[in-house]
Each structure stands twice: as C-alpha cells, then as structure tokens.
Amino acid sequence: MKTRIGILGLGGVGGYFGGLLAKAYADSDAIEIIFIARGKTKKAIAANGLKIILDESEMIVFPKLLSDDAEKIGKLDYLICATKTYDIETSFESIKNCITSKTIILPLYNGVDATERILNLFPENNVLQGCVYIVSMIESPGVIKKIGHYEKLFFGSKNTSISSLKELQSIFEKASVESYLVENIEETVWEKFIFISALASVTSYLNENIGGILNNPDNKAIYISLLNEITAVALAKGLALPNDIIVQTIIKLEKSPQDNTSSMHRDLLAGHKIEVNSLTEFVVKEGMKYGVPTPMYRMILDKLMDSIIY
Ligand SMILES: NC(=O)C1=CN([C@@H]2O[C@H](COP(=O)(O)OP(=O)(O)OC[C@H]3O[C@@H](n4cnc5c(N)ncnc54)[C@H](OP(=O)(O)O)[C@@H]3O)[C@@H](O)[C@H]2O)C=CC1
Ligand SMILES: CC(C)(CO)C(=O)C(=O)O
C-alpha cells in the first residue's frame with residue numbers, strides 16, 4: 001500500500017514544500033504526492049506543472065495526482081495544509097471525505113489556533129502542530145517564487161510520541177525538506193508566533209519593511225511594545241518560553257533580510273484578504289481571556305480593521 005500525502009493549498013508555503021515532495025517521490029512506488037488545488041492554480045499546474053523559482057535556479061514538478069475532487073483524491077494517510085488561516089474551515093469542508101480517523105494532519109499556517117480549529121472539525125484525528133520560516137510567494141497561479149535560503153519546517157505533537165512521527169520525518173528528509181521534529185512543539189510554534197504576530201502587525205500598520213521598523217526608533221518602540229504584550233499573554237497562558245525571548249526575537253529580526261516584510265503586509269499591499277484574525281486579533285482576545293492588557297495590539301487591530309474592505 002502506498003503512503004498517500006495530500007498538499008492542501010499550492011501557494012508560497014504549500015507550493016514550495018509540496019513541490020520538494022513531488023520532485024523527490026515522482027517515481028516512487030511507496031509514496032504518492034497529491035496536490036489539492038482549484039481554479040486557476042489547478043489549471044496552470046495541469047498545463048505546465050508547478051514551477052518553483054529560486055534565487056539561482058528553477059524547477060518544474062508534477063504531482064502523482066492534481067485535483068480538488070474529494071472522490072478522485074481518495075483517502076489520505078497524511079494531509080499537509082497551507083492555505084491562509086481564513087480558509088481553514090471551508091478548505092477542509094471540501095475534502096472532508098478524504099480524511100479518515102487515521103489521517104495525520106500537519107498544519108503549516110502562521111498563528112497558533114489552527115490545530116484546535118482542525119480538531120474541532122476532526123476530533124478523532126492526530127492533528128500535529130507545525131510552523132515554517134520561509135519567504136515564498138505566488139508569482140502567478142502555479143508559479144512559486146522563493147527568496148533567500150531560509151526554509152525551516154518545524155513539526156511535532158503534544159499528544160503523540162516523537163517515535164510515531166519518525167516516518168514523516170524520514171519522508172521529509174529524503175525530499176531534502178529542512179525539517180525538525182521537536183519535543184517542545186507548542187513553545188516552538190509560539191516562538192514563531194511571537195515573531196510573526198508582532199512583525200505582521202507592525203509592518204502592516206506602519207506600511208514599512210523590516211529595515212523601516214528596526215532603523216527608526218519610533219517604529220522599533222511600537223514593535224517592542226507588541227513583543228512585550230504578546231509575551232505577557234504567552235506567559236499568562238503558562239507557556240515555558242526562554243527568559244530572553246524578546247531579545248532573541250529582535251536578534252532573529254535583525255538577521256532577516258532588511259528589505260523583506262511579512263506575508264500579511266505583502267497581502268495588504270496587494271489588496272488581498274489578510275490574516276488579521278489569527279495574527280493580530282487573536283492576541284487581543286487571548287489578552288482579554290487572561291486579563292493581560294494589550295493596548296498596542298488593540299490600536300493596530302482597530303486601524304487594520306478600518307482599512308480593510310472585503
Ligand atoms: N508565504 C510565506 O513566506 C509564509 C507564509 N506563512 C503562512 O503559511 C500559510 C500559507 O501562506 P501562503 O503560502 O503564503 O499562502 P498563499 O496565499 O500563497 O497560498 C494559499 C493557497 O491556498 C489555496 N487555497 C485556499 N483555499 C483552497 C481550497 N479550498 N482548495 C484548494 N486550495 C485552496 C489558494 O488558492 P486559491 O487561489 O484557489 O484561493 C492559494 O493557492 C499562511 O498561514 C501564512 O501566514 C508562513 C511563513 C512564511
Ligand atoms: C517570518 C516570515 C516573515 C518568514 O517566515 C513569515 O512567516 C511571514 O512572512 O509570514
């Protein structure tokens with residue numbers, strides 16, 4: 001029996017990591033990679049394959065199967081999902097018949113609420129936690145552009161043993177996916193969340209890239225207020241974060257390309273829907289739940305909500 005792996009969402013993240021998997025297992029008798037894509041993306045991949053453009057090279061890959069029809073896709077052993085967070089519920093609804101109680105689900109979204117939201121839909125399933133560090137985007141449907149060498153994927157589970165996830169780790173390793181199976185995945189995901197939530201909120205609010213935040217003392221002060229607020233929320237929730245998490249996060253940002261920005265800011269500039277609920281509003285709501293004030297987050301949330309029209 002083949003191990004069947006579905007990739008839901010062939011954008012910047014799903015397209016890149018799914019593309020590496022499809023390339024590695026193109027001729028495999030043991031592993032089948034299925035791209036779950038719709039509309040223009042499905043049409044473009046069917047016609048030309050999925051193109052991945054890197055800084056110095058490019059590749060074209062074809063999955064074993066490309067579909068958005070649950071019946072054609074069939075039952076999946078693994079589902080790796082990387083739509084935007086605002087599409088979680090509708091995208092899962094469209095392929096619910098592909099998920100059995102044994103399907104292992106790996107969410108690769110920004111934010112920390114995806115696992116719980118998917119578990120609400122599929123309470124029987126092993127829904128892992130995951131996060132990625134990558135700068136990658138859709139250039140046109142079926143064409144993904146990845147910038148720089150940054151491409152780490154972290155995954156794990158609070159509820160299952162590390163040993164039960166070794167198969168997936170080996171699948172990633174053989175496909176040259178830079179993946180890390182970690183024991184303390186909840187903290188790992190929160191460390192990424194602290195980094196991206198503050199960055200996405202401040203870059204979108206000020207319409208500045210990373211350099212514009214770090215090199216302007218007023219902008220940096222807003223960013224640091226956000227880091228203080230989100231860290232206070234995380235600690236109130238009982239997360240065991242490193243004592244110097246704020247310093248570590250700033251150092252991480254200083255090491256990032258200064259002309260880059262967050263994917264939420266890129267989406268805002270392009271007039272696309274943004275993940276403000278998972279990246280900004282979530283912190284305000286959790287703050288209220290745990291009695292932690294988040295005035296800077298609230299101010300930015302109000303401004304972003306006022307400026308977006310869907
Ligand atoms: N891009 C980046 O560099 C990074 C992104 N992230 C996070 O990763 C997640 C994914 O982001 P990203 O890859 O940028 O998103 P993109 O917008 O690039 O891609 C999302 C893809 O999901 C597809 N999709 C949505 N609904 C469905 C559906 N029902 N069936 C099939 N496909 C569907 C969209 O297709 P369609 O056009 O048909 O809607 C689109 O191709 C987000 O949470 C983001 O915050 C994390 C780190 C870095
Ligand atoms: C951290 C960063 C900037 C790249 O991984 C990101 O997650 C995003 O742009 O959403």
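Counting convention: from 1, in listed order, for ligands and their atoms alike.
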Contact between [X] and [Y] at the side-chain level, heavy atoms closer than 4.5 Å - yes or no?
X: Asn126; Y: Leu128; result: yes
X: Ile99; Y: Phe92; result: yes
X: Leu227; Y: Ile250; result: yes
X: Lys152; Y: Val132; result: no

Is atom [atom1] of [X] surrounded by more than 12 heavy atoms (other residues, nucleotides or ligands) closer than 6.0 Å?
X: Lys2; atom1: NZ; value: yes
X: Lys146; atom1: NZ; value: yes
X: Lys285; atom1: NZ; value: no
X: Arg117; atom1: CZ; value: yes
X: Glu116; atom1: CD; value: no

What is the nearest protein non-hydrogen atom to [atom], stated with its residue, atom name and distance?
atom: atom 46 (C) of ligand 1; result: Asn110 ND2, 3.2 Å
atom: atom 18 (O) of ligand 1; result: Gly12 N, 3.0 Å
atom: atom 6 (C) of ligand 2; result: Ile196 CD1, 3.4 Å
atom: atom 19 (O) of ligand 1; result: Gly11 CA, 3.2 Å
atom: atom 9 (C) of ligand 1; result: Thr83 O, 3.5 Å
atom: atom 1 (N) of ligand 1; result: Ser136 O, 2.7 Å
atom: atom 5 (C) of ligand 1; result: Val13 CG2, 3.4 Å

**Asked** Under a 4.0 Å N-O cut-off, is there an ion pair linking Lys102 with Asp77?
**Response** no

List every atom of ligand 1 that sits less than 4.0 Å from any heavy atom of [X], numbering the atoms from 1 in the order shown and giving each element.
X: Val135; answer: 3 (O)
X: Lys192; answer: 46 (C), 47 (C)
X: Ile134; answer: 2 (C), 3 (O), 48 (C)
X: Ser91; answer: 28 (C), 29 (N)
X: Ile36; answer: 31 (C), 32 (N)
X: Gly9; answer: 21 (C), 22 (O), 23 (C)
X: Val132; answer: 46 (C), 47 (C)

Ligand 1 N/O within reach of [X] N/O, cut-off under 3.5 Å:
X: Thr85; result: no
X: Ala37; result: no
X: Gly14; result: no
X: Leu8; result: no
X: Lys84; result: yes
X: Tyr109; result: no
X: Thr90; result: no

**Asked** Does any N/O atom on Asn110 come nearer than 3.5 Å to any N/O atom on ligand 2?
**Response** yes

**Asked** Could an N or O of ligand 2 be found under 3.5 Å from any N or O of Ser263, whether backbone or side chain?
**Response**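 Yes, at least one N or O pair falls under 3.5 Å.
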
Where the closest heavy atom to [atom] is concerned, which of [options] has it?
atom: atom 40 (C) of ligand 1; options: Leu153, Ile138, Thr41, Ile196; answer: Ile138
atom: atom 5 (O) of ligand 2; options: Ile210, Leu253, Ile134, Val135; answer: Ile134
atom: atom 44 (C) of ligand 1; options: Glu93, Glu275, Lys42, Lys146; answer: Glu275
atom: atom 30 (N) of ligand 1; options: Arg266, Lys152, Arg38, Glu151; answer: Arg38

Answer with yes or no whether [X] contacts ligand 1, where contact means a heavy atom under 4.0 Å from a ligand atom.
X: Ala82; result: yes
X: Lys40; result: no
X: Leu108; result: yes
X: Met137; result: no

**Asked** Under 30°, 30 to 60°, or over 60°: which ring-plane class applies to Phe195 and Tyr133, parallel, tilted or perpendicular?
**Response** tilted

**Asked** Does Tyr290 have Lys237 sitting over its ring (NZ/CZ under 6.0 Å from centre, angle to axis within 45°)?
**Response**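 The answer is no; the distance or angle limit is not met.
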
**Request:** Mark yes or no: Lys64 above the aromatic ring of Tyr25, with NZ or CZ under 6.0 Å from the six-membered ring centre and no more than 45 degrees from the axis.
**Result:**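 No cation-pi geometry.
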
Numbering as shown, the atoms of ligand 2 that approach [X] to under 4.0 Å (heavy-atom distance):
X: Ser262; value: 9 (O)
X: Tyr133; value: 5 (O)
X: Phe195; value: 1 (C)

**Message:** So does Glu254 get a backbone contact from the side chain of Gln258, meaning a donor-acceptor N/O pair under 3.5 Å?
**Reply:** yes

**Prompt:** So, the side chain of Asn215 versus the backbone of Gly211: is there a donor-acceptor pair under 3.5 Å, distance only?
**Reply:**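 Side chain of Asn215 to backbone of Gly211, a donor-acceptor pair under 3.5 Å: yes, one is there.
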
**Asked** With a 4.0 Å cut-off on heavy atoms, does His265 reach ligand 2?
**Response**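 Judged by the 4.0 Å heavy-atom criterion, His265 does not count as contacting ligand 2.
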
**Message:** For a quick check under 3.5 Å, do Glu167 and Tyr78 share a side-chain donor-acceptor pair by atom type?
**Reply:** yes

**Asked** Going through the distances and angles, do Glu275 and Tyr109 end up as a side chain to side chain donor-acceptor pair (under 3.5 Å)?
**Response** CA-CA 10 Å; Glu275 292 178 298; Tyr109 310 94; over 6 Å; no

**Per-atom contact, atom 7 (C) of ligand 1, protein heavy atoms, under 4.0 angstrom** =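 Yes, at least one protein heavy atom sits under 4.0 Å from atom 7 (C) of ligand 1.
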
**Item:** Centroid separation Phe282 to Phe193 less than 6.0 Å
**Value:** yes

**Asked** Do the ring centers of Tyr180 and Phe155 come within less than 6.0 Å of each other?
**Response** no

**Asked** Hey, what do you get for CD (Glu124) to OG1 (Thr103), rounding to the nearest 0.5 Å?
**Response** 11.5 Å

**Message:** Out of the candidates Thr85, Asn110, Asp113, only one should pair with Ser278 under the side chain to side chain donor-acceptor pair (under 3.5 Å) rule; please name it.
**Reply:** Thr85

**Request:** Check Lys192 against ligand 2 and report side chain, backbone, both or neither, counting heavy atoms closer than 4.0 Å.
**Result:**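 Contact part for Lys192 vs ligand 2: side chain (C-beta onward).
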
